[in-house]
Structure formats: structure tokens, C-alpha cells
Chemist: 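Dropping a structure here in C-alpha cells format, bear with me for questions.
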Number of protein chains: 2
Amino acid sequence: MSEPESPPDEAADAIERLYDDPDARIATLQDVRPSAEDIAGQATIFKALGNEDRLRVLDALRDSERCGCELQVVLDAPQSTVSTHLRKLKEAGLVKSRKKGKWSYYRIADTALLDVLDLARAVQEDA
Amino acid sequence: MSEPESPPDEAADAIERLYDDPDARIATLQDVRPSAEDIAGQATIFKALGNEDRLRVLDALRDSERCGCELQVVLDAPQSTVSTHLRKLKEAGLVKSRKKGKWSYYRIADTALLDVLDLARAVQEDA
DNA sequence: TCATCGTATTGTATTTTCTCGATTTGTTTA
DNA sequence: TAAACAAATCGAGAAAATACAATACGATGA
């Protein structure tokens, strides 16, 4: 009675059977993969982008900064909902904000983000 | 006793008070926004990208197609879990697959996706 | 100073997503 | 034909994300 193999080991066996040089094949799988921190950071960004309301906010911020009240109009949603979305965007580092009097103004943190959005649309259209 | 205003109307009032030309301001908010379908499609893509395991899969597919068993090794996760992630990537149009014998091979559907991933990393580093 | 205003936070109910064992499907091989 | 195999699907429980009313906060102005 041998130990039950853990999930990836069975798969490794399958690779053994499938390829002529399985070790080389597995080696390329382990080549210079991004660090766990990189992956986590990317995932945070994409999670923040994976919501229709937040995408609408970012689009509204393309041309200029906007105050919170304007973004409420854009989303047509309760103030607390909008504020929560904005916090999430801030936490992901996608927008920055400044406070003037009782108003908060939001803006895109990095114009590279706009490129990400545009490219994603291109990917979508190809699909 | 007037009707309670719906959420966005209060915000519209705030815009009235804040800006010299509120109507013009609101008009720019309504300018040529992306269609609901565009936004939904983008959100689908970003949701698919908003998961560390799926990002690792895409990274493994950068250089060449891979069979499912190889991707199991990459993720070190049960077969059904890996298969579910792959389905989600396919549904979002980010990967394609071909079947040969009992093996399924996955590949990046559109190289523009790699640009999205690289740009996102740049955004992350700026943040 | 007191009421009002724009915004942020909190608490909770709801919805969505994720995980993974079990089973099924389709293929190859003994 | 039966056994083994890779992969897909199903289903249930767990975890995460979302919506939003209620409330708190900080600034403004009467």
C-alpha cells in the first residue's frame, strides 16, 4: 500500500509519458516565473478592474479629475456604494485623490492604466 | 411632503453648487461613454485576470502551448480546480485550446493579452 | 453654535466566486 | 473488451466581493 500521490505528481507522471524529454519540459515550466509578490500585485489590479461600475468611473476620469458627487451621477448609485468603489480603486493604486474643503477629487494615478484599458478592449474585440 | 430624491439627484444638486457651469460639466460626464456591452466585455476579461492561479497559467503559456497536465504542475492544484480555471480563461476569450488524443493543449488566444499583462505590471510598479 | 453638506466608514444581508471530491466523457492501450 | 488515462463537468460547502442603509466625520456657512 503506497501513499496516495498528491495531485501534481500524477500530472508529472502524465508529462513523463507524453513528452520525449519530460525533464527538460518541466524545467521550462519552472523558468524565471514572476515572483509571488508580482503575481499578487497584478491580481489586485485586475480585481479592482473587474467590475463594471469601477470601469465606468475610470472612463469618467479619462479627461480630467472629478469630484465624488460627479461620479455618483455617472454610476447612478448610492453615495456609500460609490465611495466604496473609489476606495477599492485607491487601494489598488489606480486612482489618487485630493481633498479640497468638503470635496474629494479623484484622478487616474498613472496614464499607463489607460493603455491597459485600451488594450483590453482590443483583446475583447478579437475574441 | 415632497418625494425623497433618488441618489443621483442629490449628487446633481451638489454639482450645481460646486461648478460655475454645472450643465456643461454634467454634459462632459455623458460624452461618448463606452457602451454597456463594451464595459461588460472588459469586466469579463479583468475578472478572468483577477486571480493568481490564472495569472500563473497565462505566464506559463507565454512561450508555447501547454497540455493540461503541465498546467496542473504549474499550479500544484487538483485537476478539477485547474480545469475550472482553464474554462474561465476560455470563456473570457483569453486562451484557446485544441484536443489531440486524450490531451488538451492550451495557448494564448491573442498576443495583445501579453501586452496587457506587461503594462499592468508597469502600473503596479509605479503604484 | 448649529444646521447643512460632501464624504467616509461600518454593519449586515445578498450575490458571486472559488475549491475540490466525485463522477462522467472520450481516448488509448493491454 | 476491459482497464487505464487525461480531461470536463457537477454539486456542495467555504470564502470573497458587493450593495447599501445607517451612522460618523470634517468642513462650511447662516
Chemist: Distance check needed: D:dA17 P versus A:D53 CG, whole Å only.
Modeler: 16 Å
Chemist: Looking at A:E125 and A:R121, is there a salt bridge between them, counting it only when a charged N and a carboxylate O are closer than 4.0 Å?
Modeler: no
Chemist: How long is the line joining CZ of A:R66 and P of C:dG6, in whole Å?
Modeler: 17 Å
Chemist: For D:dA17, take OP1 and OP2 only and decide whether either is under 4.0 Å from a side-chain N or O of A:N51.
Modeler: no
Chemist: Counting only side-chain N and O atoms of B:H85, is one of them less than 4.0 Å from OP1 or OP2 of C:dT17?
Modeler: no
Chemist: Quick one: is B:R54 getting a side-chain N or O under 4.0 Å of the C:dC18 phosphate, OP1 or OP2?
Modeler: yes
Chemist: Can you find a heavy atom in the side chain of B:K99 that is under 4.5 Å from one in the side chain of B:Y105?
Modeler: no
Chemist: Rounded to the nearest angstrom, tell me the gap between atom CD in A:E52 and atom P in C:dT15.
Modeler: 17 Å
Chemist: Just N and O in the side chain of A:R17: are any of them under 4.0 Å from OP1 or OP2 of D:dA4?
Modeler: no
Chemist: Using the closest heavy atom to pick a nucleotide of DNA chain D for each, name whichever of B:T84 or A:I15 lands nearer the 5' end.
Modeler: A:I15
Chemist: Answer yes when B:R62 and B:D118 have at least one side-chain N-carboxylate O distance shorter than 4.0 Å, and no when they do not.
Modeler: yes
Chemist: How is A:S104 classified with respect to the nucleic acid when contacts are heavy atoms under 4.0 Å: base, sugar-phosphate, or nothing?
Modeler: sugar-phosphate
Chemist: If you check the B:S83 side chain, which of D:dA6, C:dG21, D:dA8 turns out closest?
Modeler: D:dA8
Chemist: B:D53 pairs by side-chain contact (heavy atoms from CB on, under 4.5 Å) with which of B:L75, B:L58, B:D76?
Modeler: B:L75
Chemist: Under 3.5 Å, is there a donor-acceptor pair linking the side chains of A:T28 and B:R66?
Modeler: yes
Chemist: Keeping A:R33 on the side-chain end and B:V74 on the backbone end, is there a donor-acceptor pair under 3.5 Å?
Modeler: no
Chemist: How does each nucleotide of nucleotides 22-30 of chain C score, in 5' to 3' order, for protein heavy atoms under 4.0 Å: base (B), sugar-phosphate only (S), or none (-)?
Modeler: B----SS--
Chemist: For a quick check of understanding: with a heavy-atom distance under 4.0 Å over all strands, which category does B:Y106 fall into, base, sugar-phosphate or nothing?
Modeler: sugar-phosphate
Chemist: How long is the line joining CG of B:L49 and P of C:dT17, in whole Å?
Modeler: 14 Å
Chemist: If you look at every strand shown and take non-hydrogen atoms under 4.0 Å, does B:R87 touch a base, only sugar-phosphate, or nothing?
Modeler: sugar-phosphate
Chemist: For A:E91 and D:dA17, give me the distance from atom CD to atom P, rounded to whole Å.
Modeler: 11 Å
Chemist: Figure out the CZ/P separation between A:R98 and C:dA8, and round it to whole Å.
Modeler: 13 Å
Chemist: Starting at atom CG of B:D76, determine the distance to atom P of C:dC20, rounded to an integer number of angstrom.
Modeler: 10 Å
Chemist: Which whole-number value in Å describes the distance from A:D13 CG to D:dA6 C1'?
Modeler: 13 Å
Chemist: With nearest nucleotides of DNA chain C determined for A:S97 and B:G50 from heavy-atom distances, which residue corresponds to the more 5′ nucleotide?
Modeler: A:S97
Chemist: Rounded to the nearest 0.5 Å, what separation is found between the CG atom of B:L117 and the CD1 atom of A:I39?
Modeler: 8.5 Å
Chemist: Exactly one of B:T44, B:V57, B:I45 should register a side-chain contact (heavy atoms from CB on, under 4.5 Å) with B:L94. Which one does?
Modeler: B:I45
Chemist: Does A:K90 make a side-chain N or O approach to OP1 or OP2 of C:dA8 shorter than 4.0 Å?
Modeler: no
